[in-house]
Amino acid sequence: MLRLRKPSRPDVTPSPNIWYWPDVYEVENRAQDCSGAVWRVLREQCDWSGRDVVDIGCGTGFHLPLFAATARSVVGVEPHPELAERARKRLDGTPGVDVRVASAQRLPLPDASVDLVHARTAYFFGPGCEPGLAEAERVLRPGGAIAIVDLDTARSPYGDWMRADAPHIDPVEIESFFDRQGFRSLPVDTLWRFHRREDLEAVFGIEFTERTARRAARETPGLTVPVGYRVRIRRKTLVGR
């Protein structure tokens, strides 16, 4: 199984899953939100058709093709060079798409240059992400939106497993933080669907400690996992308002 090298980036916190196990994370991406519930909410709240999009923490570019299908332009930003290269290969030949190596705190984009800043389970996890939020605000045009898709740490069963490994996670504190930052947080129920038991257990193995992964497998008798998300939306104030 391929394991990527850890790049030397003092300004970036390594992702514990995709940075080291990109092939397993690809399986996870294909299993996630099998009914498209998150995408429906995103389109309702901030449709990107004909607009300019940046996807922060784009990883191997799994979500970029869907944005590219209707957006005017799409920029994927990823701090891990090897993952960024995978994203470039995935989008090779797709017009209007660019992938750049950078962090959320230092986006390689001009001021007021995009209409949607999207980030999915990448960097924006609550207190401490203020520099990234400031950068997102900088690159947004007036009327544009920041859309943060995050796992709901208060929802069972997935949130229970997350908190078992990271007891410092406080769902109430996280919600309070985003509320103070001016975000509207929408709950979204999804289902992860796997084709093989081996894939489900491999994904648990990169998301949790060994002990919690075993627990998650015991508590998941089939091939589906209900997972709650929070879709957080904040719009940049229009000039003159």
Next item on the list: Mind listing the closest non-hydrogen atom pair of G59 and I18 along with its distance?
Entry: CA-CD1, 4.0 Å
Checklist line | Pair W192 and Y158, ring centroids less than 6.0 Å apart | finding: yes
Check: CZ of R141 to CG of L238: how many Å apart, nearest 0.5 Å?
Finding: 13.0 Å
Next item on the list: Could you check if a side-chain atom of W21 sits within less than 4.5 angstrom of a side-chain atom of S15, using non-hydrogen atoms only?
Entry: no
Next item on the list: Look at E82 together with R86 and state whether they make a salt bridge at an N to O cut-off of under 4.0 Å.
Entry: no
Note to self: Show, in sequence, the C-alpha distance, side-chain angles and deciding distance for E201 and R197, and conclude whether the salt bridge (charged side-chain N to carboxylate O under 4.0 Å, His left out) test is met.
What the structure shows: CA-CA 6 Å; E201 293 183 3; R197 184 72 186 180; 3.0 Å; yes
Margin query: If you apply the rule side chain to side chain donor-acceptor pair (under 3.5 Å), what do you find for R193 with Q32, and how did you get there?
Written below: CA-CA 7 Å; R193 186 183 303 279; Q32 288 183 10; over 6 Å; no
Next item on the list: Please name the pair of heavy atoms, one in P187 and one in S185, separated by the smallest distance, quoted to 0.1 Å.
Entry: CD-O, 3.9 Å
Next item on the list: Keeping the roles fixed (side chain from T212, backbone from T209), state whether a donor-acceptor pair exists under 3.5 Å.
Entry: no
Item checked: Residues R90 and E26 bridged, charged N to O under 4.0 Å -> yes
Check: Could you go step by step and tell me if L107 and V77 meet the side chain to side chain contact (heavy atoms under 4.5 Å, CB included) rule?
Finding: CA-CA 8 Å; L107 297 176; V77 175; 4.1 Å; yes
Checklist line | Minimum-distance pair of heavy atoms, taken over all atoms of A102 and P108 | finding: CB-CD, 3.5 Å
Note to self: Just checking R230: does its CZ atom have more than 12 heavy atoms from other residues, nucleotides or ligands closer to it than 6.0 angstrom?
What the structure shows: yes
Notebook entry, point to check: Which heavy-atom pair separates S73 from D52 by the least distance, and what is that distance?
Noted result: OG-OD1, 2.6 Å
Check: Does L91 offer a backbone N or O that forms a donor-acceptor pair with the side chain of T94 under 3.5 Å?
Finding: yes
Check: So do E78 and V101 actually touch side chain to side chain, heavy atoms under 4.5 Å?
Finding: no
Item checked: V38/R43 under side chain to side chain contact (heavy atoms under 4.5 Å, CB included): CA gap, chis, key distance, verdict -> CA-CA 9 Å; V38 170; R43 283 193 184 277; over 6 Å; no
Item checked: 4.5 Å side-chain heavy-atom contact, V227 and L191 -> no
Next item on the list: Identify whether F125 and F208 are in the same connected component of the hydrophobic contact network (ILVMFWY, side-chain heavy atoms under 4.5 Å).
Entry: no
Margin query: I need the minimum non-hydrogen distance between Q45 and R184, along with the two atoms involved.
Written below: OE1-NH2, 2.6 Å
Notebook entry, point to check: Going by distance alone, is a donor N or O of one side chain under 3.5 Å from an acceptor N or O of the other, for E219 and W161?
Noted result: yes
Notebook entry, point to check: Does D165 pair with R211 as a salt bridge, N-O distance under 4.0 Å?
Noted result: no
Check: Going by an N to O cut-off under 4.0 Å, is there a salt bridge joining D92 and K89?
Finding: no
Margin query: Does R100, at its CZ atom, have more than 12 non-hydrogen atoms belonging to other residues, nucleotides or ligands within less than 6.0 Å?
Written below: yes
Checklist line | Minimum side-chain heavy-atom gap V172-I174 below 4.5 Å | finding: no
Note to self: Taking the side chain as everything from C-beta on, heavy atoms only, tell me whether T70 gets closer than 4.5 Å to W48.
What the structure shows: yes
Notebook entry, point to check: Do L83 and P22 come within less than 4.5 Å of each other through their side chains, counting heavy atoms only?
Noted result: yes
Checklist line | CD1-SG distance between I56 and C58, expressed to the nearest 0.5 angstrom | finding: 10.0 Å
Item checked: Side-chain touch D179/F183, heavy atoms, less than 4.5 angstrom -> no
Checklist line | Side-chain (K236) to main-chain (L140) donor-acceptor, under 3.5 angstrom | finding: yes
Next item on the list: Starting at CD1 of I148, measure out to CD1 of I233 and round the result to the nearest 0.5 Å.
Entry: 8.5 Å
Next item on the list: Can you see which heavy atom on P157 is nearest to which on P226, and at what distance?
Entry: CD-O, 3.4 Å
Next item on the list: State, with a plain yes or no, whether a side-chain heavy atom of C129 is found less than 4.5 Å away from one of F177.
Entry: yes
Next item on the list: Test D199 against R30 for salt bridge (charged side-chain N to carboxylate O under 4.0 Å, His left out), laying out the working first.
Entry: CA-CA 11 Å; D199 292 338; R30 292 197 298 268; over 6 Å; no
Notebook entry, point to check: Centre of W39's six-membered ring, under 6.0 Å away, within 45 degrees of the axis: is that where NZ or CZ of R120 sits?
Noted result: yes
Notebook entry, point to check: Is the shortest distance from a Lys or Arg side-chain nitrogen in E210 or R214 to a carboxylate oxygen in the other one below 4.0 Å?
Noted result: yes
Notebook entry, point to check: What is the distance from atom CG of L64 to atom OG1 of T60, rounded to the nearest 0.5 Å?
Noted result: 8.5 Å
Next item on the list: Verify, without hydrogens or angle tests, whether R235 (side chain) and G143 (backbone) share a donor-acceptor contact under 3.5 angstrom.
Entry: yes
Checklist line | Interatomic spacing from OH in Y229 to CG in D189 - rounded to 0.5 Å | finding: 11.5 Å
Notebook entry, point to check: For the hydrophobic clusters of this structure (ILVMFWY residues joined by side-chain heavy atoms under 4.5 Å, transitively), does one cluster hold both F62 and F67?
Noted result: no
Check: Charged N to carboxylate O below 4.0 Å: is that the case for E175 and R232?
Finding: yes
Note to self: Regarding D170 and R163, does a basic nitrogen lie under 4.0 Å from an acidic carboxylate oxygen?
What the structure shows: no
Margin query: Nearest 0.5 Å, please: how far is CG in L223 from CD in E198?
Written below: 9.5 Å
Checklist line | Candidate pair V149 and H118, rule side chain to side chain contact (heavy atoms under 4.5 Å, CB included), full reasoning | finding: CA-CA 8 Å; V149 180; H118 170 266; 4.1 Å; yes
Note to self: Would V53 and V114 count as a side chain to side chain contact (heavy atoms under 4.5 Å, CB included) here? Give the steps.
What the structure shows: CA-CA 6 Å; V53 177; V114 301; over 6 Å; no
